[in-house]
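Since the structure comes first, as structure tokens, the remarks are kept for the end.
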Protein chains: 2
Amino acid sequence: MIEIYADSRETRSGLLKTLSEMEGYSIKVGELPCGDYAISSDVCIERKSATDFVISIMDGRLMEQIAKMKIDYKRPILLIEGNPFKTRSAIKTEALVGAISWVNAIEDVTVLMVADEGESAKMIATMARHLQQGLGYEVPLRRNKPKASDLGSVYNLEGLPGVGPKTAQNLFNHFGSIFDVCMASVEELSQVPRLGKASAERIYNQIRHRKS
Amino acid sequence: MIEIYADSRETRSGLLKTLSEMEGYSIKVGELPCGDYAISSDVCIERKSATDFVISIMDGRLMEQIAKMKIDYKRPILLIEGNPFKTRSAIKTEALVGAISWVNAIEDVTVLMVADEGESAKMIATMARHLQQGLGYEVPLRRNKPKASDLGSVYNLEGLPGVGPKTAQNLFNHFGSIFDVCMASVEELSQVPRLGKASAERIYNQIRHRKS
DNA sequence: CTATGAGTGCCCTGA
DNA sequence: TCAGGGCACTCATAG
């Protein structure tokens, strides 16, 4: 059973009703210190309608709420319902962008936008499930692996830090095999075109990095 | 002067043009190992149009890109342009919500949504400014590179033939590092759970395979 | 992402 | 020890 904690102020919202009608979820209503929904010990969600969001920027409530959430939760999420750019209000686009950028870049808080209440419900439910039960299987990080050996080697090297398609090809050309790349010293790695000492070191470290 | 690094694939986009016309910004185009824009040593941005986003979910490119960004940068951002829920595509809403939730909840990557290219430009520019100049005082690029991670190693090993998420983890657990996997003989590789002689040989051959 | 199906190869059991 | 069926995991495809 997936548990979602909702703040009592949300009681009247249709969202809470939708959530409580879902199979496999248990909704607990109470007084949250901040935010509207808590879906794990690290994650809480502040849900705002587009107009509410705009207003909370102007009266400074947004900063306050975000700051508060960051104290109690490691990973707060701001969920905006509707398009704030489309609201008829005095606020300038720059201010809007500035606020979102601040929330995101400085405060490191995720900003999600959904169209309506229904999407909000689905989003909150799914995130709760993912956090509490995982996906139910492992996600394949890489797909469409090439079969030809040369391509396979290049593809494999793309897994190293700071190595994209171009550098992977360079590495392979220079060393001739994955094995030789693994044996290379930092100095030898630096010889490769487009690889500086910093990247070379990171690659070297990743290859030797031991399970923590 | 605020610096923004853009991947060369973005050259044709109107966004890059808009950015380069902005006062006080210096845009450098080059080959980024991953992501489309880098705005600090810790933060890079993968920008996707709504339809692109949907397509990249379906062909599995999204997971790969996110994973790669997480290896190279401390704080990757996924910037979605337009409303993915409104695209006419065969994908189910559940899958869409699932993807966003996965990026967010499981991968702990910030998701940002904007309406169009213009907003993207403003958002990227503003975030760059916030990160590089702070809101008032100086917080320039700290040069602390992301350290080698378990995830990076597992991701790398997943590039090998016949190796999916499960086996990659098993390999890493058994040998402790990419380096040790590369040094292993066919016999030693066979020791790993669920790896028989056939798979072990394929892996061994791929690692030693020389450029043809 | 979610769903489904086929294919490969490991592994366990039983003789 | 070896054959065979069950299973786990990879990989392709489709919405």
Side-chain angles (χ1 to χ4, degrees), chain A residues 2 22-24 110 112 114 118-119 121-149 151-152 155-156 159, chain B residues 46 48-70 78 80 83-109 111 113 154-174 186-206:
Chain A
I2 299 154
M22 285 182 169
E23 283 290 321
T110 286
L112 286 181
V114 294
E119 280 176 17
K122 280 182 200 152
M123 190 62 78
I124 292 173
T126 308
M127 299 214 328
R129 194 188 82 227
H130 282 173
L131 283 167
Q132 291 174 34
Q133 309 191 332
L135 289 177
Y137 57 91
E138 298 271 0
V139 185
L141 266 22
R142 316 183 74 173
R143 216 172 286 191
N144 304 328
K145 283 188 265 198
K147 282 187 293 177
S149 290
L151 288 174
Y155 181 78
N156 186 271
Chain B
E46 172 72 31
K48 284 203 179 305
S49 72
T51 43
D52 225 41
F53 174 66
V54 173
I55 293 170
S56 73
I57 292 169
M58 298 201 283
D59 66 16
R61 226 168 56 244
L62 181 70
M63 279 72 104
E64 198 167 329
Q65 289 173 325
I66 296 284
K68 195 73 179 67
M69 286 207 290
K70 277 194 67 177
L78 176 63
I80 302 172
N83 187 344
F85 293 95
K86 289 274 153 55
T87 61
R88 259 200 311 297
S89 61
I91 198 171
K92 286 222 179 74
T93 318
E94 284 76 46
L96 217 51
V97 171
I100 295 172
S101 166
W102 173 80
V103 170
N104 229 286
I106 311 232
E107 293 300 329
D108 191 14
V109 167
V111 176
M113 290 165 147
V154 172
Y155 179 80
N156 184 275
L157 294 171
E158 227 186 283
L160 293 167
V163 178
K166 227 78 170 191
T167 314
Q169 190 64 58
N170 287 344
L171 271 170
F172 188 56
N173 288 344
H174 187 91
V186 174
E187 283 70 35
E188 284 163 342
L189 286 167
S190 312
Q191 304 293 310
V192 174
R194 313 225 123 261
L195 266 192
K197 191 144 174 296
S199 308
E201 246 165 34
R202 272 204 300 274
I203 293 170
Y204 184 87
N205 288 335
Q206 180 69 69

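Proteins come first, then strands; the chains are lettered A, B, ... in the order of their sequence lines, and each starts at number 1. Quick caveat, the model's predicted, so the values are computed rather than measured. FYI, side chains are in, hydrogens and waters are out, and symmetry mates aren't considered; it's all heavy atoms of this structure.
- Closest to the Ser199(B) side chain, of the nucleotides dC10(C), dC1(C), dT2(C), is dC10(C).
- Between the CD1 atom of Ile106(B) and the C1' atom of dT2(C) there is a distance of 14 Å, rounded to whole Å.
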Inset, instruction - Could you give me the CA-CA distance, side-chain angles and deciding distance for Asn104(B) and Met127(A), then say whether side-chain contact (heavy atoms from CB on, under 4.5 Å) is met? - result: CA-CA 8 Å; Asn104(B) 229 286; Met127(A) 299 214 328; 4.3 Å; yes

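- Of the residues Arg61(B), Met63(B), Glu46(B), the one that meets the side-chain contact (heavy atoms from CB on, under 4.5 Å) test with Ser56(B) is Arg61(B).
- Nucleotide dC1(C) holds its P atom 18 Å from the NZ atom of Lys122(A), rounded to whole Å.
- Here the straight-line distance linking atom CG of Leu195(B) with atom CG of Asn170(B) works out to 7.5 Å at 0.5 Å rounding.
- With rounding to whole Å, Leu135(A) atom CG is found 12 Å from dA3(C) atom P.
- Remark: of the listed residues Val111(B), Asp52(B), Val103(B), Val54(B), Val111(B) is the sole one forming a side-chain contact (heavy atoms from CB on, under 4.5 Å) with Ile80(B).
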Inset, instruction - Summarise how protein sits on nucleotides 8-15 of chain D as a single string, 5' to 3': B when a protein heavy atom is under 4.0 Å from the base, S for sugar-phosphate-only contact, - for no contact. - result: SSSS---B

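- The CD-P distance, from Glu201(B) to dC10(C), rounds to 10 Å in whole Å.
- We find that OH of Tyr137(A) is positioned 23 Å from P of dC7(D), with the value rounded to whole Å.
- Taking the charged nitrogens against the carboxylate oxygens, Lys68(B) and Glu64(B) have no contact shorter than 4.0 Å, which rules out a salt bridge.
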Inset, instruction - Apply side-chain contact (heavy atoms from CB on, under 4.5 Å) to the pair Val97(B) and Ile100(B), showing each step before the final yes or no. - result: CA-CA 5 Å; Val97(B) 171; Ile100(B) 295 172; 6.0 Å; no

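- Comparing dC1(C), dT2(C), dC10(C) by their closest approach to the side chain of Val139(A) singles out dC1(C).
- OP1 or OP2 of dT2(C) has at least one side-chain nitrogen or oxygen of Arg129(A) nearer than 4.0 Å.
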